[in-house]
Asks: 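What follows is a structure written as structure tokens; I'll ask about it next.
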Amino acid sequence: MKGIIASPGRAYADAFIVQEPRIVVEKTSIDDSDNELERLQSAIDACDVQFESLIKGLDADDDTATIELLEFQQMMLEDTDYLDKITTIITEDKLNAEYAVEVASNDYIGFLQNLTDNDYLRERAADIGDMAQRLLGALLGISRAIEEPDHDYIAIANDITPSRMAELDQDKLKGIALEKGSLTSHCSILAASLGIPCLIEVTGLLEADTTGKRILLDAEHGELVLDPSKQQIDAYLDYRKAREQDLEALKAYVDKESRTLDGAHMGVYANIISASEVASLLEQGGEGVGLLRTELIYMEETTAAPSEEKQFQLYSEIASALDGLPLIIRTLDVGGDKDIDYLHIGKEDNPFLGYRAIRYSLDTPEVFKAQIKAIVRASAQGNVEMMFPLITTIDEIRRAKALVSEVFNELDKGNVAYNKDMKIGIMIETPASAFDSARMAREVDFFSIGTNDLAQYLFAADRTNAKVLELNSYFQPTLLRTMAQVADSAHEAGIMVDICGRAGEVLELIPLWIAMGIDNVSVSIPEITRVRRKITQTDKAASVKLLDKVLQCDTAGEVQAMLGGAS
Ligand code: PEP
Ligand code: MG
């Protein structure tokens, strides 16, 4: 069976079907609303105790995302609007507590779903639905307990709610296959951060007879094998052995210098979206944050952009936690596939070619300036740099920098501390900025090449459309020639040039980045040590010769044949 990879890896274990208890709510009239309110309160108290014990059972360092989610659900139990609505249905309409909880929860969920068609908030609506099921279970005395096997297993389900995910024994849970699921669901995000292989959208999964079967989950090729052959099992066992040895061997690279055999340095930074990732970045030996995507901070709000103060607190927290390591904060990259309803970008025929990123920011200076001010103020708390996304013209750079100057003046007047030498850079992710990189380099302190977008715009191939994925290959010589030109422009102007798109972590391409003189690659956290190991095994002088040859290639196939590798 085929599925979409939500978290990579492979597993071979017994299938275990995770089925939530079915809760059916009836609508009944009541006479004694005080009694009903008491029942509601006891159910809320019971859920509160459940949340407390779930949170206590988790590791404060490793399970931060799950803990934040459970705390969010626990807080919902105290939300006055939500509770008022339930109470009104009980006391005024004289209806039972279960029905009141269901109506109030559905209203809330419907409100969130209608508010936006944004994936992130849709998932938060699902989190509220999950919390409501727990509350209904407590009211109706239906146990949520499921009989988890006493041995390793692969969870099979339609979808897995976040709190169920927190309840499953993570030592035994070796893989997840879902009939539905989504890439932005907490289940997918948690699976990826816990390193549990996960496939979603496995059509026909629940109809297939998996009960009691030992199955093979291959979330590297997007396959679930119900009756694996001996050959497939042997291949899995070889894979597992090699992987375990590899993970052990990679630990040696946490503290190693990111230097080639002949002494050239290319730093390994990481891309993050929240403060909760800084601890694991440091544990893996990350040398800084090459890209803080700030969109999530905006997506978490429902009615207006986060205040300057809130952003300042958050950026400062991350900067301090990094303890002097660089933190490159990218200003809001809204639009494209990231819609935030309250910003009123509106539906567009071609959102990736439309009102996106710096274009939106320059057009809404009040939103933009609050973010700039928060970033500039945070520069007093650590090694903060600011970066503008989707630059296409020099005019955009100048306009953005003029706003930064305004902010500097305002802070000077108010005697507010900040780093006057804070570095300001741009992302090179459009053909216009790549072609004009020599001129643009005179305007800024650094470049960071966003290969995800640069490839999509260079080849006019939507990065979210699987049908044109091949055009977006990082082995395309046109992309590599463009990047080499950008790196040359940066060096001629004496500024730094990083890569923060996914191409930065593709191992076969690392020698090319070293040859181009890329200063830092910013990769996903689990890849830090693997990328560093590759750097330490590479010789810069030999890579320069290799790059010369690669840049002469006509096709992606030729590049691939020269470098090896498959993506
Ligand atoms: C990129 O485009 O390569 C990039 C890093 O930015 P994002 O993926 O957030 O668009
Ligand atoms: Mg981008």
Side-chain angles (χ1 to χ4, degrees), residues 5 8-10 197 218-223 231-232 234-250 252-253 256 258-262 264-268 449 451-452 454-455 458-459 461 463 466 468-484 486-487 498-518 520-524 526-567:
I5 300 164
R10 295 189 217 177
D218 183 348
E220 274 173 8
H221 301 99
E223 280 173 4
Q231 215 179 4
Q232 284 170 313
D234 286 347
Y236 164 76
L237 294 174
D238 288 347
Y239 157 87
R240 195 177 66 181
K241 199 162 155 212
R243 190 171 164 79
E244 276 164 9
Q245 285 170 349
D246 196 41
L247 286 175
E248 206 40 52
L250 282 173
Y253 292 87
K256 279 238 160 73
S258 307
R259 261 186 211 290
T260 61
L261 294 167
D262 47 350
H265 181 264
M266 181 169 78
V268 185
I449 308 179
T451 51
N452 310 338
L454 183 57
L458 210 47
F459 300 107
R463 64 193 258 186
V468 294
L469 215 58
E470 248 170 63
L471 282 170
N472 275 324
S473 160
Y474 301 129
F475 289 80
Q476 291 283 6
T478 316
L479 174 68
L480 299 171
R481 280 190 280 272
T482 307
M483 292 172 74
V486 171
D498 297 349
I499 297 176
C500 65
R502 215 193 71 77
E505 68 186 39
V506 177
L507 295 183
E508 294 81 4
L509 297 170
I510 297 288
L512 305 188
W513 309 150
I514 291 169
M516 286 181 196
I518 296 294
N520 306 289
V521 284
S522 192
V523 305
S524 54
E527 296 306 315
I528 293 174
T529 47
R530 205 168 274 120
V531 168
R532 179 168 298 133
R533 177 172 64 187
K534 181 72 184 176
I535 295 171
T536 63
Q537 294 166 340
T538 304
D539 182 70
K540 181 163 180 175
S543 302
V544 169
K545 289 187 187 138
L546 179 67
L547 177 66
D548 273 350
K549 281 202 260 167
V550 164
L551 294 183
Q552 299 305 318
C553 287
D554 290 327
T555 68
E558 283 170 38
V559 176
Q560 227 152 309
M562 216 168 260
L563 302 177
S567 52

Asks: Do Ile449 and Asp498 come close enough that some side-chain heavy atom pair is under 4.5 Å?
Replies: no
Asks: Asp246 versus Arg530: any side-chain heavy-atom pair under 4.5 Å?
Replies: yes
Asks: Would you find a donor on one side and an acceptor on the other, under 3.5 Å apart, between the side chain of Ser473 and the backbone of Phe475?
Replies: yes
Asks: List the atom of Pro197, the atom of Ala219, and the distance in Å for their closest heavy-atom pair.
Replies: CB-CB, 4.0 Å
Asks: For residues Leu546 and Pro511, report the shortest heavy-atom separation together with the two atoms involved.
Replies: CD2-CB, 4.2 Å
Asks: Would you give the length of the straight line joining atom CG of Leu471 to atom CG of Leu479, rounded to the nearest 0.5 angstrom?
Replies: 12.0 Å
Asks: Rounded to the nearest 0.5 Å, what separation is found between the CG atom of Asp554 and the OG1 atom of Thr478?
Replies: 9.0 Å
Asks: At their closest point, which heavy atom of Asp262 faces which heavy atom of Lys540, and how far apart are they?
Replies: OD1-N, 2.7 Å
Asks: Given 3.5 Å as the limit, does a donor-acceptor pair link the side chain of Asn520 with the main chain of Met266, or not?
Replies: no
Asks: Any side-chain heavy atom of Asn452 sitting closer than 4.5 Å to one from Tyr474?
Replies: yes
Asks: Of all residues at least two apart in sequence or in a different chain, which pass the ring pair (Phe, Tyr, Trp, His ring centres under 6.0 Å) check with Tyr236?
Replies: Tyr12
Asks: Does the side chain of Arg259 reach to within under 4.5 Å of the side chain of Ile535, using non-hydrogen atoms?
Replies: no
Asks: Strictly distance-based, threshold 3.5 Å: is any side-chain N or O of Thr555 a donor or acceptor partner for the main-chain N or O of Glu558?
Replies: yes
Asks: Minimum heavy-atom separation for Cys553 to Val559, with atom names?
Replies: CB-CG2, 3.7 Å
Asks: After noting the C-alpha distance and the side-chain angles of Val521 and Val531, does the key distance pass the side-chain contact (heavy atoms from CB on, under 4.5 Å) rule?
Replies: CA-CA 9 Å; Val521 284; Val531 168; 4.0 Å; yes
Asks: Kindly determine whether Val544 and Leu547 satisfy side-chain contact (heavy atoms from CB on, under 4.5 Å), including the steps that lead there.
Replies: CA-CA 5 Å; Val544 169; Leu547 177 66; 5.7 Å; no
Asks: Under 4.5 Å between any side-chain heavy atoms of Asp218 and His221, yes or no?
Replies: yes
Asks: Is there side-chain contact between Met483 and Ile518, with heavy atoms separated by less than 4.5 Å?
Replies: no
Asks: Report yes if some heavy atom in the side chain of Lys256 is under 4.5 Å from a heavy atom in the side chain of Arg533; otherwise report no.
Replies: no
Asks: Is the shortest side-chain heavy-atom distance between Glu244 and Glu248 below 4.5 Å?
Replies: no
Asks: Are Arg502 and Glu505 close enough for a salt bridge, meaning some N to O gap below 4.0 Å?
Replies: yes
Asks: Measuring from Thr451:OG1 to Trp513:CH2, what's the distance to the nearest 0.5 Å?
Replies: 7.0 Å
Asks: Quick check: closest heavy atoms across Ser543 and Ala515, and the distance to 0.1 Å?
Replies: O-CB, 3.4 Å
Asks: Kindly determine whether Arg10 and Arg240 satisfy side-chain contact (heavy atoms from CB on, under 4.5 Å), including the steps that lead there.
Replies: CA-CA 8 Å; Arg10 295 189 217 177; Arg240 195 177 66 181; over 6 Å; no
Asks: May I have the step-by-step check of salt bridge (charged side-chain N to carboxylate O under 4.0 Å, His left out) for Asp539 and Lys545, ending in yes or no?
Replies: CA-CA 10 Å; Asp539 182 70; Lys545 289 187 187 138; over 6 Å; no
Asks: Shortest non-hydrogen contact from Gln537 to Leu261?
Replies: O-CD1, 3.5 Å
Asks: So Leu458 and Asn472, side-chain contact (heavy atoms from CB on, under 4.5 Å) or not? Walk me through it.
Replies: CA-CA 9 Å; Leu458 210 47; Asn472 275 324; over 6 Å; no
